[in-house]
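Below: one structure, written as structure tokens.
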Amino acid sequence: MINRRGFVASAAIAATGSRAFAQAERSIVLGQSAAFSGPAQQLGMFYNQGAKLYFDALNAKGGINGRAIELLRL
């Protein structure tokens, strides 16, 4: 039995899947699932900001083997 949260997560992954597949040639797409609302919102936002800061610096240096890192959040 799938609950509402599982359904929403699956739908979001499916919706971004085609976009991620199209960009696979020129970038590496990573997904981040964290609390972006509710009582733990600040923690999730800090995790996302830290990861984005690191990947932006890495991309500025040319990424990984010339491929940029893209971070998708859920």
Side-chain angles (χ1 to χ4, degrees):
M1 176 179 254
I2 190 165
N3 61 18
R4 186 174 66 174
R5 182 178 287 175
F7 176 76
V8 171
S10 298
I13 290 169
T16 60
S18 60
R19 178 177 167 221
F21 183 74
Q23 293 179 345
E25 294 290 325
R26 62 181 184 266
S27 66
I28 299 169
V29 181
L30 301 176
Q32 178 184 28
S33 179
F36 295 112
S37 64
Q41 177 181 5
Q42 288 295 326
L43 183 61
M45 297 302 264
F46 288 141
Y47 281 145
N48 182 259
Q49 289 172 353
K52 185 166 174 23
L53 183 67
Y54 176 76
F55 292 133
D56 287 347
L58 185 63
N59 289 337
K61 294 180 182 179
I64 297 177
N65 294 328
R67 296 173 66 186
I69 305 295
E70 182 181 351
L71 182 64
L72 299 179
R73 70 182 211 172
L74 173 63

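Predicted model, so just to flag it, every value in this text is computed and none were measured. Numbers here are sequence positions counted from 1.
With sequence neighbours excluded, the residues that form a side-chain contact (heavy atoms from CB on, under 4.5 Å) with N48 are Q32, F36, L71, R73.
For residues 42-51, no residue pair satisfies the salt bridge (Lys or Arg N to Asp or Glu O under 4.0 Å) rule, not counting sequence neighbours. Pairs engaging residues 44-54 under the salt bridge (Lys or Arg N to Asp or Glu O under 4.0 Å) rule: K52-D56 [sequence neighbours left out]. Every pair tested for salt bridge (Lys or Arg N to Asp or Glu O under 4.0 Å) that includes a residue from residues 28-41 fails, sequence neighbours excluded, so the list is empty.
No continuous path of hydrophobic side-chain contacts links Y47 to L30 [ILVMFWY only; heavy atoms under 4.5 Å].
Heavy atoms only, all atoms of each residue included: G44 and A34 are closest at CA-CB, 4.1 Å. Taking each heavy atom of E70 and S27 in turn, the nearest pair found is OE1-OG, 4.1 Å. Taking both residues in full, the closest heavy atoms of I69 and L58 are given as CG1-CD2, 3.9 Å, listed atom of the first, atom of the second, then distance.
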